[in-house]
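Letters A, B, ... mirror the listed sequences (proteins, then strands); counts begin at 1. Given the structure is predicted, the values throughout are model-derived calculations rather than measurements.
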Amino acid sequence: MQQTKISPAQVASLLIMAVLSTSMLSAPNFAFREAGRDMWISAILSPAFGFIILFTVVALHRIFPGRNLIQYSVNILGAPVSKALGLLFLFNALLLNGSQTRQFIDFMSLSYFTRTPSIVFTLSITLVAALAIRSGVEIISRIAGLLAPISIFIVLIIILPLTYSIDLERLMPVMEHGFRPIGRGAMALNLWFSMFVYLTFFLPHVTSNKGMLRWGSISVTTAALCFIFSFIYTLGIMGSALKAFTYPFMVISRYTQAFEFLAHLDSLVMLFWVIDVFLRVCMTYYCVVVGFAHLFGLRDHVPLILPVGVIVTLFTYWSYPNTIVFASSGSLVAVSYTIFNFIYPLILLAAAKLRGFAAQSSN
Amino acid sequence: MNLSKTHIAVVTLVAIGMLLFDWRGLTDIRTKIAYFSLYIPGFTLAILLIIYPNLPGPVQWMRPLFAPLAKLLFKS
């Protein structure tokens with residue numbers, strides 16, 4: 001299992017896709033509720049969280065080469081505490097899985113397939129992802145490396161004709177309510193940047209730590225740029241009406257018209273979104289499977305793929321029975337993600353340094 | 001009620017099918033313990049959710065724990 005090697009660029013594109021998929025659609029609304037018109041300033045500040053988590057995870061991997069967060073937490077905190085915290089960490093990851101599948105089925109049934117039962121989408125995306133994971137980590141990373149440029153190209157096609165409609169007056173006045181809303185918006189965006197913690201499950205397969213740091217930084221920066229541009233576009237086009245739409249980016253893509261005869265580009269959004277969600281589900285699902293395998297001390301994660309898939313499917317419905325619960329739980333989920341995906345690794349690094357573990361590899 | 005009986009039957013069939021599919025991969029006792037500690041809660045929860053669709057989930061549990069912090073950090 002350790003022989004499979006993947007390149008840092010592939011993991012970086014997997015991470016970009018994972019962050020972009022849900023953020024392109026639901027981030028503008030959530031950030032607007034917190035930061036108001038200043039949400040684009042929050043987007044400039046928020047990659048700081050991404051960089052902190054990236055450097056933390058790579059530093060931890062330098063101390064314990066070839067191991068992931070679930071494995072080295074046993075060395076740092078001792079077995080009983082680390083198993084309990086690891087279970088909570090995986091529970092949080094299952095919640096993340098449930099929430100992304102929820103967004104996928106909501107988006108599909110609200111916008112395109114209004115009569116199909118949602119369980120069809122949940123089962124199909126989970127089964128396809130299960131097949132991809134069964135083929136190994138190399139396959140997931142290669143699919144990401146292959147599809148990431150196409151997805152980004154599609155987004156550019158959709159977004160460019162809209163540049164004429166932007167009214168930058170709608171971004172004024174800047175910093176109407178001071179720094180607090182901007183800080184809240186940046187914390188809200190940590191919902192996405194804290195996902196970089198899942199890098200820890202891919203690092204044992206990556207060829208070099210130094211390359212991962214470089215490519216990871218590129219991927220954090222790209223994600224931040226996408227946030228800034230999508231915020232300026234949605235805000236510049238819709239203004240304060242933004243808070244009325246759960247998926248503003250989807251709405252503006254319906255208005256896209258290129259050269260006055262290319263219309264209905266929202267079908268391209270769906271193409272992009274399905275590819276993207278597939279990659280994101282592959283990534284987080286893989287992380288949960290590998291996490292559980294290491295929590296139980298197994299050498300091979302393949303037998304656990306299907307039972308974890310059943311739990312992921314259930315979490316979609318169990319944690320979010322309907323769209324209203326989903327829409328009202330944004331801040332709660334953000335707190336949970338911040339605690340487990342952001343603060344927990346920081347505590348692990350601090351504890352490892354205090355207990356005198358030194359970096360073993362410098363590459 | 002009739003509908004939920006059909007749903008339970010389908011879930012049971014899926015559970016049996018999955019076990020048959022995975023059985024060959026479960027070689028040692030450790031893998032079996034790990035497999036069944038995910039498999040049994042999974043399908044129990046599936047059947048519970050069919051009978052009581054409004055079972056309070058993890059987000060509702062989190063509410064009393066994280067709501068004060070969420071109120072402090074976020075507006076909505």
Query raised in the report: Which of the residues A:Val335, A:Leu295, A:Ile305, A:Leu332 is involved in the greatest number of heavy-atom pairs with chain B at under 4.5 angstrom?
Result: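 When all of A:Val335, A:Leu295, A:Ile305, A:Leu332 are compared, A:Leu332 has the most.
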Query raised in the report: Side chain, backbone, both or neither: which part of A:Leu314 has a heavy atom under 4.5 Å from chain B?
Result: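 Looking at A:Leu314, backbone and side chain both touch chain B.
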Query raised in the report: Which bit of A:Ile311 comes within less than 4.5 Å of chain B, counting heavy atoms only: side chain, backbone, both or neither?
Result: side chain
Requested in this report: State, to 0.1 Å, how close B:Ala34 and A:Leu298 come at their nearest heavy-atom pair, and which atoms those are.
Outcome: CB-CD1, 3.8 Å
Query - Minimal non-hydrogen separation, A:Pro307 against B:Leu38, with atom names - result: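 Between these two residues, the closest heavy atoms are CB-CB, 3.8 Å.
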Query raised in the report: Is it the side chain or the backbone of B:Leu55 that comes within 4.5 Å of chain A heavy atoms, both, or neither?
Result: both
**Report entry** Proximity breakdown for B:Pro41 and chain A, heavy-atom pairs closer than 4.5 Å
**Finding:** neither
Query raised in the report: Taking the six-membered ring for Trp, are A:Phe91 and B:Trp61 parallel (under 30°), tilted (30 to 60°) or perpendicular (over 60°)?
Result: parallel
Query raised in the report: What residue in B:Ala67, B:Ala15, B:Pro56, B:Pro58 has the most heavy-atom pairs under 4.5 Å with chain A?
Result: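 Option with the top pair count is B:Pro58.
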Query - Partner residues of A:Ser118 under the side-chain hydrogen bond (donor to acceptor under 3.5 Å, both in side chains) criterion, sequence neighbours left out - result: A:Tyr317
Query raised in the report: Is it the case that more than 12 heavy atoms not belonging to B:Phe36 sit under 6.0 Å from its CZ atom?
Result: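 Yes.
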Report task. Anything in residues 121-136 of chain A with a heavy-atom distance to chain B below 4.5 Å? Please list those residues in order. Result ->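 If one takes a 4.5 Å heavy-atom cut-off, the residues of residues 121-136 of chain A near chain B are A:Arg134.
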Query raised in the report: Is any side-chain heavy atom of B:Leu69 less than 4.5 Å from a side-chain heavy atom of A:Ile339?
Result: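 B:Leu69 vs A:Ile339: side chains touch.
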Query raised in the report: Which residues from residues 18-33 of chain B are near chain A, with near meaning under 4.5 Å between non-hydrogen atoms?
Result: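 If one takes a 4.5 Å heavy-atom cut-off, the residues of residues 18-33 of chain B near chain A are B:Met18, B:Phe21, B:Asp22, B:Gly25, B:Leu26, B:Arg30, B:Thr31.
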Requested in this report: Could you grab the distance from atom OH of B:Tyr35 to atom CG of A:Leu306, nearest 0.5 Å is fine?
Outcome: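 Between B:Tyr35 OH and A:Leu306 CG, I get 6.5 Å after rounding to 0.5 Å.
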Query raised in the report: Residues in side chain to side chain contact (heavy atoms under 4.5 Å, CB included) with A:Gln71, at least two apart?
Result: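 Result, side chain to side chain contact (heavy atoms under 4.5 Å, CB included) vs A:Gln71: A:Arg67, A:Asn68, A:His294.
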